[in-house]
4 protein chains.
Amino acid sequence: MRTDPGSSELTFTEVARRRQITAAAIETVAELGYGKASFAQIAKRAGLSSPGLISYHFANKDELISQVVAEIYATGAEVIHPRTDGAETAGAQLRAYVAGSIAFYDSHRSHMRALMQILNGHPQARERWFDRPNSAELDGLTEVLTEGQRTGEFRDFPPRTVATIVRDLLSGALLRLLGTPDLDVQEYTRELVALCQSAVHGGCAVEGNTA
Amino acid sequence: MRTDPGSSELTFTEVARRRQITAAAIETVAELGYGKASFAQIAKRAGLSSPGLISYHFANKDELISQVVAEIYATGAEVIHPRTDGAETAGAQLRAYVAGSIAFYDSHRSHMRALMQILNGHPQARERWFDRPNSAELDGLTEVLTEGQRTGEFRDFPPRTVATIVRDLLSGALLRLLGTPDLDVQEYTRELVALCQSAVHGGCAVEGNTA
Amino acid sequence: MRTDPGSSELTFTEVARRRQITAAAIETVAELGYGKASFAQIAKRAGLSSPGLISYHFANKDELISQVVAEIYATGAEVIHPRTDGAETAGAQLRAYVAGSIAFYDSHRSHMRALMQILNGHPQARERWFDRPNSAELDGLTEVLTEGQRTGEFRDFPPRTVATIVRDLLSGALLRLLGTPDLDVQEYTRELVALCQSAVHGGCAVEGNTA
Amino acid sequence: MRTDPGSSELTFTEVARRRQITAAAIETVAELGYGKASFAQIAKRAGLSSPGLISYHFANKDELISQVVAEIYATGAEVIHPRTDGAETAGAQLRAYVAGSIAFYDSHRSHMRALMQILNGHPQARERWFDRPNSAELDGLTEVLTEGQRTGEFRDFPPRTVATIVRDLLSGALLRLLGTPDLDVQEYTRELVALCQSAVHGGCAVEGNTA
DNA sequence: CATGAATGAGCGTTCATTCAT
DNA sequence: CATGAATGAACGCTCATTCAT
């Protein structure tokens, strides 16, 4: 039984096995939902001989799900950060963040579906895995909005609340994407970015579009 | 031996019991998620002596969940319709719809949490209970936007896409509400309504606010 | 609760209800088998409002089944006895018995199917309801055979054993009838009677046929 | 996680456990009937710690019952075939078949009782497990009778119908055997074989006896 | 390291039976 | 007399987890 899973004592094989299982778990949760994603189903998709092998590599189901969440967050950061880092003005950063998020959701639907299933299906998902990164993301977004107001680029509004709304409108977009596979993502993104801009700018000018 | 549950032949006691069980089911699903909301848990919360009693009153779990969904939708309609019906201009209707929806989400968090849990946890939830009302709601919203454009009240935009975005931003607001119990709902609503208005109006004038 | 079901204190309505329930039970057991013939199913077929009503009229399931068995045996006796009583020689009696039994099985398949289901499905069916009438029937048949031997009509054989075989060959015929709905009963009966005759007569003469 | 129960990939232990469970199932079904032969009862008789273990080794109850039926048929074939294969004339084959069948029934009463219970208790027993072998057996028997007629060994009669009757008289014998534990099997067999012979031969000569 | 057998709790559901009305 | 609501045990089955090999 693995008692110190966070340490670096993990064998090379060990790491590979954990990755393999994590990937299969994402696939399984996305497909069947958290409730029906049993070790047996995950093992089947991972090509493992027995559900017991998962228990061998992960202390319990929660540890596996932790790993799944971490993996998904890491992938998301890898995709979105480069896009926002390249932007110079606050407006450009906002556009990059919104458009980049949706692009990530679109290109990683299974990951995001799994994430949503865990968030809704796991009893303590929120406090254990979501609250911290969410508020961190909200902080970053608030900072961008405040900066935009400081430079006079954005009009006056309560930055935390608007940051929350922008963050939430991405949540809404994700739900839409997962529920409407044939959504016209390009048009959706264009209008959503326009909406964000008209919300933060004094006038309603739409200057550019990164979609 | 309930064989004709849809008919109006239901006894008074029967109706009361079904209501009691439905209410307990909402509470349970909201708290534990769809997957862990077993008959045993629901019975416990309803003060019933046995899970078997639920099976006595509902043909199977799906029938119970159907009733739960129907109950929640009915409650929502009761709350929101009066607010939108009172509005005369398209803009006022849009404001009433957005503010009314959030007010309902706020005052019925358990109901909405249960609804989300069912949507995510039940294998055929979408096709069985959500797709139809969702697209109906989208149709209604699109109609309002189109009407606003016809009267010149709204600027030019693809009405279906914007309707979708408005609908989704309410989904996002719901997720926020469920995840942030101490949210300042009044401010959130005010800014969200403002955002919607700046999105649909030619200028960014904010004329009134129903929050 | 009925505590003295055998007495004559039974109301007229009571008797009618018991008959109605018994008939429905026969139908149900024949259709679903003893194991699946629940009070709920029987009540449905009898047009009763509740399974509880059966418990009200019968002390328990065993008492109902007792009644069912008694009813079926009574019906059988009513049909077969007249046929054998009319026969004068031992050979004619034997033919009447065999042909009459099969005719009864044929015309009362549901009854006989129910009887078989009970015999096989009920834990103590044999000792409680079948052993006594079976050995009585065997006695009667043995008597006929012995009489036939006394008069020189039949050849020499161990009468009890042959009686048993004749009785069993009817059991086999019943199984066949129940499992082969489109059996040519007439031909089957003719050959079976012929077989019985060739078995008991010194020569193999086939004198007549009552099929 | 047994997903491919028909393949030969079964472990040694697996095979042993399945045999053990199958044997316990035969015993249980014979004793309690199909309807009352629950996994709990079977597990108790097999000395297993939990009914869940049966579900581990068999996909569902039907698969277990299939195995039980297959096992019983295989055992029967093993016992009876050698006896009939040794016979040369049609008459000898018929005698060997009848006497051999009864000998098998006699020495494997629990097996046969279980088989009868399944046939009567399982909703689709007939079509799934019995119809095919039954009609195959009938075909074989018909062929023997026809051959006997071709060589002039047997008298003229409708071979299919008589084959059916012979087959049914064995069914009747089985029922007798199961219901009368202290039956004098030897005498019963002798008379039954005699009866069969007098039925098929032109004269009533009884040439030999294999009982 | 990996396997597969085993465990026991829990699932939704059906059942015969009881009992207040 | 009849009803329908209620009960609690049992059903077949799945689950995460354990452990000897």
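Chain letters run A, B, ... following the sequence lines, proteins first, then strands; residues in each count from 1.
- For B:Phe58 and F:dA6, the CZ to P distance is 12 Å, given to the nearest whole Å.
- Looking at A:Arg45 and A:Gln41, their side chains do bring a donor and an acceptor atom within 3.5 Å of each other.
- In terms of position on DNA chain E, the residue among C:Gly35 and B:Gln41 whose nearest nucleotide sits closer to the 5' end is B:Gln41.
- In this structure, B:His122 and B:Asp62 have side chains that are in contact, with non-hydrogen atoms separated by less than 4.5 Å.
- The environment of CZ in A:Arg128 is crowded: more than 12 heavy-atom neighbours from other residues, nucleotides or ligands sit within 6.0 Å.
- For B:Ser50 against F:dG8, a side-chain-to-base donor-acceptor contact under 3.5 Å is present.
- Judged purely by atom type and a 3.5 angstrom limit, A:Asn60 uses its side chain to pair as donor or acceptor with the backbone of A:Glu63.
- Whole-Å rounding puts the B:Lys36 NZ to F:dA16 P distance at 8 Å.
- Across all strands shown, the partner of F:dC11 is E:dG12, judged by Watson-Crick or G-U wobble contacts whose two distances both fall under 3.5 Å.
- Between the CG atom of B:Leu48 and the C1' atom of F:dG8 there is a distance of 13 Å, rounded to whole Å.
- Ranking F:dT7, E:dA6, E:dC11 by closeness to the B:Leu53 side chain, first place goes to F:dT7.
- Under a 3.5 Å cut-off, the side chain of A:Glu71 and the backbone N or O of A:Ala23 do not form any donor-acceptor pair.
- The B:His57 side chain lies nearest to F:dA6 when the options are F:dA6, E:dT17, F:dT3.
- Toward the 5′ end of DNA chain E lies the nearest nucleotide of B:Asp62, the other residue of the pair C:Ala37 and B:Asp62 mapping further downstream.
- Side-chain proximity of B:Ser49 to E:dT13, F:dG4, F:dG8: nearest is F:dG8.
- Atom CG of C:Leu64 and atom P of E:dC15 are 15 Å apart (whole Å).
- When rounded to the nearest whole Å, the span between CD1 of C:Ile21 and C1' of E:dA16 equals 14 Å.
- With rounding to the nearest 0.5 Å, the separation of CG in A:Leu48 from CD1 in A:Ile21 is 5.5 Å.
- To the nearest angstrom, C1' of E:dT14 lies 14 Å from NZ of D:Lys61.
- In this model, no side-chain donor or acceptor of B:Ser55 finds a partner on the base of E:dG12 within 3.5 Å.
- Note on A:Phe39: a base of the nucleic acid sits closer than 4.0 angstrom, heavy atoms only.
- If you check F:dC1 for Watson-Crick or wobble pairing at under 3.5 angstrom, you find it has no partner at all.
- Rounded to an integer number of Å, the gap from C:Glu63 CD to E:dT17 C1' is 14 Å.
- For the pair C:Ile54 CD1 and F:dG4 P, the computed distance is 14 Å after rounding to whole Å.
- Looking at which nucleotide of DNA chain F each of D:Ala40 and C:Gly52 is closest to, the 5′-most match is held by C:Gly52.
- A donor-acceptor contact under 3.5 angstrom links the side-chain atoms of D:Tyr56 to the base of E:dA5.
- Each of B:Arg17 and A:Ser38 was assigned the nucleotide of DNA chain F with the nearest heavy atom; the assignment lying further toward the 5' end belongs to B:Arg17.
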